[in-house]
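I have placed the structure first, in the form of structure tokens, so that the comments after it can refer back to it.
From a predicted model like this one, the values you see are computed outputs, not experimental measurements. Numbers restart at 1 for each chain; the letters A, B, ... are given by sequence-line order, proteins then strands.
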Amino acid sequence: MTEYKQNSDPAHGTRGGAGDERLYPFDTIEPKWQKYWRDKRLFNCDTGNTADKYYCLMMFPYPSAALHVGHGRNYIIGDVVARYKMMRGYNVLAPMGFDSFGLPAENAAIKGGMHPRTSTLKNIDTMKKQLNQWGVEYDWEREVISCLPEYYKWTQWIFVKLYEKGLAYKKKAFVNWCPSCKTVLANEQVVNGGCERCSTEVNQKELEQWFFRITHYAERLLKDLAKLTEWPERVKTMQANWIGKSEGVEIDFKIDGMGEKLKCFTTRVDTIYGATFIALAPEHPLVNTLVKGCEDEKAVLGSIQKMRDESKISRSQSEVEKEGVFTGKYVINPVNDRKVPIWIANYILMEYGTGAIMAVPAHDERDFEFAGKYKLPIEVVIDNPKKSIDPKTMSEAYTEEGVMVNSGKFNGLPSRESIKKIAEFFEEKKFGKRTVQYKLRDWLISRQRYWGAPIPMVYCQKCGVVAVPDNELPVLLPESVEFRPTGESPLKFVKDFVNTKCPKCNSPATRETDTMDTFVDSSWYFLRYITPRSSGKPFDSDLVNKWLPVDQYIGGIEHAILHLLYSRFITKFLHDIGIIGFDEPFKNLFTQGMIIKDGAKMSKSKGNVVSPDGLIASYGADTVRLYTLFIGPPEKDAEWSDRGVEGAYRFLGRVWRLVEGVILLNKGADVTAKESRDKLAEDLRRKTHQTIKKVTDDLEGGFHFNTVISAIMELVNETSDVKVKVSGKNDKLTKCLNEAVENIVILLSPIVPHIAEEMWKMLGKENSIFKCKWPSYDKNAIIDKVLTIPVQINGRLRSKVEVPAGIDNEALKKQVMADPKVKSWLADKAVKDFIIIPKKLVNVVISN
RNA sequence: GCCGAGGUGGCGGAACUGGCAUACGCGUCGGUCUCAAAAACCGAUUUCCUCACGGAUAUGAGGGUUCAACUCCCUCCCUCGGCACCA
């Protein structure tokens, strides 16, 4: 999605541990099968067949120069899911594309590199080769590249639709400005006061910018999180926190001696009787009027200006000392007609609520701190029921619930109850009204950059702001521009681009020169894959309605807020204008963890990037895939280990030799059976079917690839043990052995597709293994006939007994009591209790 | 501070609705094969005591419930991620 800072150096591969001796010929097998899948169009989806559709989507990447094994995790997981679902009989759609507008390509151009288009398309080419090497397959005929006019035409079209509905608008505002990237950033792109991309401290700049009115959808974006039952809880929590809903009351305070009213938002209207001052943000529009004519007006204005000058960023850090100044004016508290002084304070944010608060020092930490500093009165109106509060000695604000005191007719009520009562009272008396506030801000989408989709708007002297009509889209990016880090869009200096005619009146006009945030591009691409070459409309609505919502979306946790929230917003919008029939885009979401090396996220600057190229050369792609999935639970971060890769490689070698060995057996090599063949056969068959069950359950119930692999390893170990003991005769045992081996190959195939295809062929099978049906297990075969029951004495394991599966409790008890170890533990002690957990365990409780 | 996830051998990690803790893999040690090495194969591997049989001990710390606790309850500690002067 977003571009990554880390780039790996493809020339610097990890050392190969395999040496010249390969455990199996992966280097010839892998390219062969990759070509085969492509030739047989294995991943090309017929979207016309929607009966058993399965839309398996990976977050499309920004085309960086080279991928590392951390990126690989995402694609490998997706590929395994797609192949598995195919074998389950689904018509799988697994498309891929490139989120190819963005800053890195343009920054490279500024440094004197290639034109962004050239470098981007080149990177796309490299990336496709790397994906191919991994054996990760897609329906490439549906490739979507967001920087091409055929795509961004429709990004612009969506902009115009938003504009027509009043959801795209331009306003002058203080915006986050990254001095290094020389562009504005959305609130979501500011991380700890720094630029998301380069970490440079962001400052504030007043600019006229385009916004999307995502706040209009705040309530639905919040409420509909409940619909997303198959999303990780943490992602939903992060989105809910980001939207930040709070319910409260907006109070109208009359300003004493002036006609004006002052609105304050509070969630704690129960504390209204304890309001001892009012605090306004320095940017509040009434500030100048209020201050006018006050004592020492000049000094007051000076300190207000000082507060404004502090960057918004440093003001948002809690360590910053609270500052404020008295305006000389008062409001009247409507509940008791008391005069309350109005202050200007640096801790009040203009962009939240009304930019003004009623301050209740006794019951708010921040107000308490401020009141302490400026010696403002503290009045307790909520008492702690456990220990009465003395306002003179209190050392911190009491913010808990309690009992109302000093609050007129509300005295004695529990504070929680009075929130509702006072709110009702306020509405009745018209002192104010109940409202809801959100932290979510409108989405700032203007970027002073070249490499993005131009905002399709025209400024006409007569008609004003005019949207470019559909038939004139796309507004093409001009080819030749000068890349200069001026802080203004390079498009501004391209006369042919800027000067145009008004689409309405045909008189001379100028174009908007800013481009769109690339997150606009990525918030609808999943719709385009269904009909990627559609030229008359963004997509075919009927078909899109059949294929979406996406059945499985897979990507990194870093997009928990930005991309996923924006995509949900755009989907809801397109739903509301009636061109799609669903209002949530992604039914199941899986967020995989990062791959860590030497304790840190892989990055070029840290020099800890593991490139797949060297690994694939030494061990093959299947080994890299296997290890990547075996490393740990895929949703968690995991530390990369080169030793672990070798272990995965050795395992594939063992499987390869097992298959070769069994084929030899089938030809009638070896002749001596060394022990009871029937029991061996039965045990092996049981293990085989238990493994089928375990693997299928682990894939269906979440992506537990690590336990899937360990289960298959167990089966391989057991099968290898059996193989050693077997003759070549075509009897029950060799049959079970063949069954075990075939199933091992099938169960492994989504994970290590190349070697699986090759072994499948060695076993004499005709078609691609991915055309074969996923096995089901025999319910009877998985039942153990003989059980080993652990025997505990007073909860401690002391012995084990072997019993037939159907044994009744009486017989079991008899056998346990006869066990010599149990006998010696019991000695002459009385048995107080005898607990039998059927098929699991026996616990004999005795006195000590 | 608030919200979320987590803490299990030397390491990555397993353990379903409370029922054999440490599966599987890595590493280490010992062995087979080899002139030798690599690969492969076999065996051992929580810790402590014991020649051994065996015993004791252990899932961040402490308490509780239970015949039985990694799992449930209470108190606390630590790590990671998100949000954070949001009224």
Distances under 3.5 Å between nitrogen or oxygen atoms of protein and nucleotides 27-30 of chain B:
unit_1 : atom_1 : unit_2   : atom_2 : d
B/G27  : OP2    : A/Arg650 : NH2    : 3.0

*Give A/Asn717 one of three labels, base, sugar-phosphate or nothing, depending on what nucleic acid heavy atoms sit under 4.0 Å from its own.*
sugar-phosphate
_Between B/C67 and A/Lys832, counting only base atoms on the nucleotide and side-chain atoms on the residue, is there a donor-acceptor pair under 3.5 Å?_
no
_Let's test this: given Watson-Crick or G-U wobble pairing with both distances under 3.5 Å, identify the partner of B/A40._
B/U32
*Whole-Å gap separating C1' (B/G19) and CG (A/Leu797)*: 11 Å
_Between A/Lys821 and A/Asp819 (salt bridge meaning N to carboxylate O under 4.0 Å), is one present in this structure?_
no
*For B/U71 and B/U79, measure between their P atoms and round to the nearest Å.*
22 Å
*Among B/C20, B/G82, B/C85, find the nucleotide with the atom closest to the side chain of A/Met238.*
B/G82
*Between atom NZ in A/Lys439 and atom C1' in B/C85, what is the gap in whole Å?*
11 Å
*Nearest-nucleotide pick for A/Pro790, side chain only, options being B/C85, B/C20, B/G25*: B/C20
_Output one letter per nucleotide in nucleotides 3-14 of chain B: B when a protein non-hydrogen atom lies under 4.0 Å from the base, S when only the sugar-phosphate is that close, - when neither is._
SS-------BSS
*Using the C1' atoms only, state how far B/C70 lies from B/C20, rounded to an integer number of Å.*
14 Å
_Residue A/Arg654, side-chain heavy atoms: nucleotide from B/A21, B/C42, B/G25 that is nearest_ = B/G25
_Nearest to side-chain heavy atoms of A/Asn843, which nucleotide of B/C20, B/C42, B/A68_ = B/A68
*Test of ring centre spacing under 6.0 Å for A/Phe705 and A/Phe630*: no
*Spell out, as yes or no, whether a donor-acceptor pair under 3.5 Å connects the side chain of A/Asn333 to the backbone of A/Ile272.*
yes
*To the nearest Å, how far apart are A/Phe370 CZ and B/C85 P?*
17 Å
*Among B/A23, B/A87, B/C85, which nucleotide sits nearest the side chain of A/Thr267?*
B/A87
*With A/Asp697, which residues qualify under salt bridge (charged side-chain N to carboxylate O under 4.0 Å, His left out), at least two apart?*
A/Lys693
*Roughly how far apart, to the nearest Å, are B/G7 and B/G62 at atom C1'?*
16 Å
*Between B/G55, B/C42, B/C85, which one does the side chain of A/Arg798 approach most closely?*
B/G55
*Closer to the 5' end of RNA chain B via nearest nucleotide, is it A/Tyr352 or A/Trp825?*
A/Trp825
*Partner nucleotide, any strand, of B/G4 [Watson-Crick/G-U, under 3.5 Å]*: B/C80
*Salt bridge check: are A/Asp683 and A/Lys687 linked by an N-O gap of less than 4.0 Å?*
no
*If you measure from the C1' atom in B/U65 to the same atom in B/C73, how many Å do you get, rounded?*
7 Å
*If pairing requires Watson-Crick or G-U wobble contacts with both distances under 3.5 Å, which nucleotide is the partner of B/U47?*
B/A56
*Within the side chain of A/Gln690, is there an N or O that forms a donor-acceptor pair under 3.5 Å with the backbone of A/Ile782?*
yes
*Roughly how many Å is it from CD1 in A/Ile836 to C1' in B/C20, rounded to a whole number?*
17 Å
*Please report, rounded to the nearest Å, how far the C1' atom of B/A69 is from the CD atom of A/Gln792.*
11 Å
_ring-ring contact (aromatic ring centres under 6.0 Å, His included) for A/Tyr619 and A/Phe26? Distances and angles first, verdict last._
CA-CA 7 Å; A/Tyr619 305 101; A/Phe26 58 82; 7.7 Å; no
*For A/Gly244, answer base if it contacts any base atom (sugar-phosphate contacts may also be present), sugar-phosphate if it contacts only those atoms, and nothing otherwise; contact means non-hydrogen atoms under 4.0 Å.*
nothing
_Do the side chains of A/Asp364 and A/Arg268 get close enough for a salt bridge, i.e. N-O under 4.0 angstrom?_
no
*Check the surroundings of atom NZ in A/Lys373: do more than 12 heavy atoms from other residues, nucleotides or ligands lie under 6.0 Å from it?*
yes
_Can you tell me the base-pairing partner of B/G19? Count Watson-Crick or G-U wobble geometry only, both distances below 3.5 Å, and say none if there is no partner._
B/C67
*Can you tell me how far C1' in B/A87 sits from the matching atom in B/A15, rounded to whole Å?*
48 Å
*asked:* Give me the distance, rounded to whole Å, that separates B/U59 from B/A21 when you measure between the C1' atoms they each carry.
replied: 7 Å
*asked:* Using the ring centroid of each side chain, check whether A/Phe277 and A/Tyr374 are separated by less than 6.0 Å.
replied: no
*Take atom CD1 of A/Ile837 and atom P of B/A69, then tell me their distance rounded to the nearest Å.*
13 Å
*Complementary nucleotide of B/G25, counting Watson-Crick and G-U pairs under 3.5 Å*: B/C11
*When the P atoms of B/G1 and B/U50 are considered, how many whole Å apart are they?*
48 Å
*Roughly how far apart, to the nearest Å, are B/C2 and B/U8 at atom P?*
25 Å
*Taking the six-membered ring of A/Phe370, is the NZ or CZ of A/Lys322 close enough (under 6.0 Å from the centre) and on axis enough (within 45°)?*
no
*Report the glycosidic orientation of B/G9: syn if within 90° of 0, anti in every other case.*
syn
*In the structure shown, which nucleotide is the Watson-Crick or G-U wobble counterpart of B/U75, with both distances under 3.5 Å?*
B/A61
*Atom NE2 of A/His559 to atom C1' of B/G81: distance rounded to whole Å?*
16 Å
*Could you state the CG-P distance from A/Leu715 to B/A23, rounded to the nearest angstrom?*
18 Å
